[in-house]
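Worksheet: the structure to be examined is printed underneath.
Chain identifiers are assigned alphabetically (A, B, ...) following the order of the sequence lines, protein sequences preceding nucleic acid strands; residue numbering begins at 1 within each chain. The basis for the numbers below is simple: all heavy atoms, side chains too, and nothing from hydrogens, waters or symmetry mates.
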Amino acid sequence: MSDTANEREIRLGKLARLREIGYDPYAVESFPFTETAENLKDTTAQREGEVVPFAGRIVSRREMGKSQFLHLSDGADRFQIYVRKNDIDDAAWEALNLLDLGDHLGVVGSLFITKTGEPSLQVSELKPLSKSLHVVPIPKQRGEEQWYGLTDTNVRFRHRHLDLITNPDARRTLVDRSRIVTAVRRCFNAWGYLEVETPMLQQEAGGAAARTFSAHYNAYDLEVDLRISLELYLKRILCGDIPRVYEIGRVFRNEGVSNRHNPEFTLLEFYEAYADLEVMMQRVEDLFRTVATEVFGSPLVRIKRESQDGDIVSEDVAGFSEDEVVLDFGKPWRRVDLLSAIEEHSGLTAEDLSSLQNAKAALKNRNVVNPVTGKRINAEEERHLGGLIEKLLEVFVEPHLQEPSFVIGYPLETSPLAKKDPNRPGFTRRFEGYVLGREICNAFSEINDPIDQRERFQAQMAERASGDDEAHPMDEDFLYALESGMPPTGGCGIGMDRMVMLLTGARHIRQVMFFPMMRPEGHAPDED
RNA sequence: GAGUCGGUAGCUCAGUAGGUAGAGCAGCGGCCUUUUAAGCCGCGGGUCCUGGGUUCGAGCCCCAGCCGGCUCACCA
């Protein structure tokens, strides 16, 4: 991004002149005012003549010789000011004329309504508060309509401040995200959970299957990994008789980027002693209902799909139309048994799914195809039944999980931290929540049998030895904690970014990340 | 990673058949003391993503690459 040198020089020249005449914008430290543009607009009619201060970014300007109208934006809304040469001294008038769209301006004036009916402020004092040294893309608008603005997603993601200035949706998403996170915290605090923080730099990152980022710690001359989950440290706190904890924190996974993956993302995990799967499902239902109600005013969340560039917004419940989805977080989520769901949607039988051998044979002989791609399911590389079952879940079941749903009963091999299901060998007491076909949470009854946990880790080590470099590492410190005794515990993880995507209708994780990972411009990736 | 679409002025975009780049907004100069996508007159502004190639001549055609969007794949 570069402005023409000319543009910048012109503005630097104006800045120099502002300083000469005693209106150095950067010298100002404060400009107190309390009312929002929206509030001023709403109350001007009742307060005509009242003198009030206001400040904001100059987003429009109409000059008429010895008077001019400008709109100042406080970010959320804009308010019109009217400046007449006769109302202010000559230096102030010159200062005003040295300002550009994009500069910040503070004014004091009296409220009035113009001939055309717009609430406005007739300015008696003004003070430039900052100068923009390059052209800020300011959208033009009339009512709800908007012209121009900034549409290049490349620029929007790399220079998010411009996106926030220009696109109301970007601003709305930021506000919504903040409110959602606040509402989540309020929920857990109300339920008696303690918010804790655990190490990001770890010697052996565990709790999930993912490749790590590494770093070097100079003082101990130690190679460390950035964490990939919160799980193991949180459970060590449970072992210390803190019965309800949660953490909302950044984790780092050294994997690819997609519309729903970013290498660093925000994970919520919560653990509750003496609680099982049922309680966890209850918590998830309560959480989504409460957050939706608190942030959007209703447990009914309306997700609207907008035209071209994939921007989607969610709004309140009024005025539905056809290309919208309405999710009701007010009612209990659907509950689905994982294996039964696969049988129902794939045509495979319980017999087929009873062993890896049978499953591979059935897929081979019966020409079972992926309903989306039409291609046959390739199961040859699967090393164990659990992996194949999860793959079948993705292909056949996920598309049917549009309504908020819990899928219950995950395979043992892919659930190294979940308690075994005593009634069903090879499966665990684990569920995942799905909404609109996407995984939204992962929960289970935590293993508190240290012998079992050790065996699971050993099984993972064997996986690792046979080539799965994402298999879970052994963690002796964690096992030592478990051996000291952890009460039966339910735990759950929710990707906050995906939760925000869901509730705000964002299609791309970059819309809710604000500063997503972007490949540097003009550099090819290194050869691997 | 594959397919596909896009990258032209600060922003939004156009660019015909290959003939040496345009509009609106923004900017600069002038006029205008209730305008609101203000208006009127005048002016300046370009690494046409990058690098090769074809051609007398390339924004346009060909090749390679970069960045991004979308779809798919990968991904606890």
| Using the P atom in both, what is the distance from B:rC25 to B:rG65, to the nearest Å? | 42 Å
| Quick one: is A:T151 getting a side-chain N or O under 4.0 Å of the B:rC13 phosphate, OP1 or OP2? | yes
| query | Would one find a side-chain N or O of A:R84 under 4.0 angstrom from OP1 or OP2 of B:rU33? | reply | no
| query | Among B:rC74, B:rU71, B:rC28, which is the nearest nucleotide to the side chain of A:S258? | reply | B:rC74
| task | Using the P atoms only, state how far B:rU47 lies from B:rA21, rounded to an integer number of Å. | result | 14 Å
| field | A:R510 side-chain N/O to B:rG69 phosphate OP1/OP2 under 4.0 Å | value | yes
| query | At under 4.0 Å between heavy atoms, what does A:F112 touch on the DNA or RNA strands: base, sugar-phosphate, or nothing? | reply | base
| message | By the 4.0 Å heavy-atom rule, please label A:Q80 as base, sugar-phosphate, or nothing. | response | base
| said: Judged by each residue's nearest nucleotide on RNA chain B, which is more toward the 5′ side, A:P137 or A:N442? | reply: A:P137
| request: Scan A:G149 against the nucleic acid and name what it touches under 4.0 Å (heavy atoms): base, sugar-phosphate only, or nothing. | output: sugar-phosphate
| task | Find out whether A:H71 and A:R62 are in side-chain contact, i.e. whether some heavy atom of one side chain is under 4.5 Å from a heavy atom of the other. | result | yes
| remark: The nucleotide from B:rU34, B:rC66, B:rA76 with an atom nearest the side chain of A:R519 is B:rC66
| Side-chain N or O of A:H134 less than 4.0 angstrom from OP1 or OP2 on B:rA26? | no
| How close or far is atom P of B:rA76 from atom CZ of A:R438, stated in whole angstroms? | 17 Å
| query | Taking the six-membered ring of A:F457 as reference, does the NZ or CZ atom of A:R454 fall below 6.0 Å from its centre and within a 45° cone about the axis? | reply | no
| message | When you measure only distances, ignoring hydrogens and angles, does the side chain of A:T114 come within 3.5 Å of the base of B:rU35 through a donor and an acceptor? | response | yes
| Non-hydrogen atoms of A:R456 and A:L417 that approach each other most closely | NH1-N, 4.4 Å
| With a 3.5 Å cut-off and no angle check, do the side chains of A:E446 and A:T489 form a donor-acceptor pair? | no
| message | From the set B:rG69, B:rU34, B:rU12, return the single nucleotide nearest to any side-chain atom of A:L150. | response | B:rU12
| field | C1' atoms of B:rG30 and B:rU12, separation to the nearest Å | value | 28 Å
| Distance between C1' atoms of B:rG44 and B:rG52 (Å, rounded) | 34 Å
| said: With a 3.5 Å limit on both atom pairs, tell me what B:rC32 is paired to, counting Watson-Crick and G-U wobble, or say none. | reply: none
| Under 4.0 angstrom between A:K14 side-chain N/O and B:rC28 OP1 or OP2 | yes
| said: Could you tell me how far apart A:E446 (CD) and B:rA76 (P) are, to the nearest whole angstrom? | reply: 18 Å
| request: Remember a base hit wins even if backbone is also touched, and classify A:P516 as base, sugar-phosphate or nothing at under 4.0 Å, heavy atoms. | output: nothing
| said: Rounding to an integer number of Å, can you tell me how far A:I58 CD1 sits from B:rA26 P? | reply: 14 Å
| query | Between A:K140 and B:rA26, is there a side-chain N or O to OP1/OP2 distance below 4.0 Å? | reply | yes
| If you look at every strand shown and take non-hydrogen atoms under 4.0 Å, does A:K391 touch a base, only sugar-phosphate, or nothing? | nothing
| request: Rounded off to whole Å, could you give me the CD1-to-C1' distance for the A:I81 and B:rU33 pair? | output: 15 Å
| Atom CE of A:M64 to atom P of B:rC32: distance rounded to whole Å? | 12 Å
| remark: Checking B:rG10, B:rU35, B:rU33 against the side chain of A:V135 (C-beta onward), the nearest is B:rG10
| request: Can you tell me, in whole Å, how much space there is between the C1' of B:rU54 and that of B:rG45? | output: 32 Å
| field | Lys/Arg N to Asp/Glu carboxylate O, A:R17 vs A:E94, below 4.0 Å | value | yes
| message | Quiz question: going by heavy-atom distance under 3.5 Å, is there a donor-acceptor pair between the base of B:rU35 and the side chain of A:E63? | response | no
| note | Under a 3.5 Å limit on both distances, the Watson-Crick or wobble mate of B:rG19 is B:rC56
| When all nucleic acid strands are considered with a 4.0 Å heavy-atom cut-off, which category describes A:D87: base, sugar-phosphate, or nothing? | nothing
| note | Checking B:rU34, B:rU71, B:rC74 against the side chain of A:R507 (C-beta onward), the nearest is B:rU71
| Among B:rU71, B:rA38, B:rU35, which nucleotide sits nearest the side chain of A:E118? | B:rU35
| message | Measuring only the C1' atom in each nucleotide, how far is B:rC41 from B:rG57? A whole number of Å is fine. | response | 38 Å
| request: Pick the P atom in B:rG59 and in B:rU20, then give their distance to the nearest Å. | output: 10 Å
| request: Return the minimal non-hydrogen interatomic distance between A:R250 and A:R227, and the atom names on each side. | output: O-NE, 2.8 Å
| What does A:R260 touch in the nucleic acid at a heavy-atom separation under 4.0 angstrom: a base, only the sugar-phosphate, or nothing? | nothing
| query | If we take the P atom in both B:rC67 and B:rC74, what is their distance in whole Å? | reply | 23 Å
| Under 3.5 Å side-chain donor-acceptor pair for A:K419 and A:N448 | yes
| task | Starting from P on B:rU33, measure out to CZ on A:R62 and report it in whole angstrom. | result | 16 Å
| Earlier contact from the 5' end, RNA chain B, for A:S60 and A:I138 | A:I138
| query | Which of these passes side chain to side chain donor-acceptor pair (under 3.5 Å) with A:Y410: A:E390, A:R429, A:R430, A:E432? | reply | A:E432
| Proximal nucleotide (of B:rA26, B:rG69, B:rG27) relative to the A:T153 side chain | B:rG69
| task | Over all heavy atoms of both residues, which pair between A:P416 and A:I447 is shortest? Give the atoms and the distance, please. | result | O-CD1, 3.6 Å
| Nearest-Å distance for atom pair CG/P, residues A:D152 and B:rG10 | 13 Å
| task | Nearest whole angstrom, please: distance from the P of B:rU71 to the CG of A:N259. | result | 6 Å
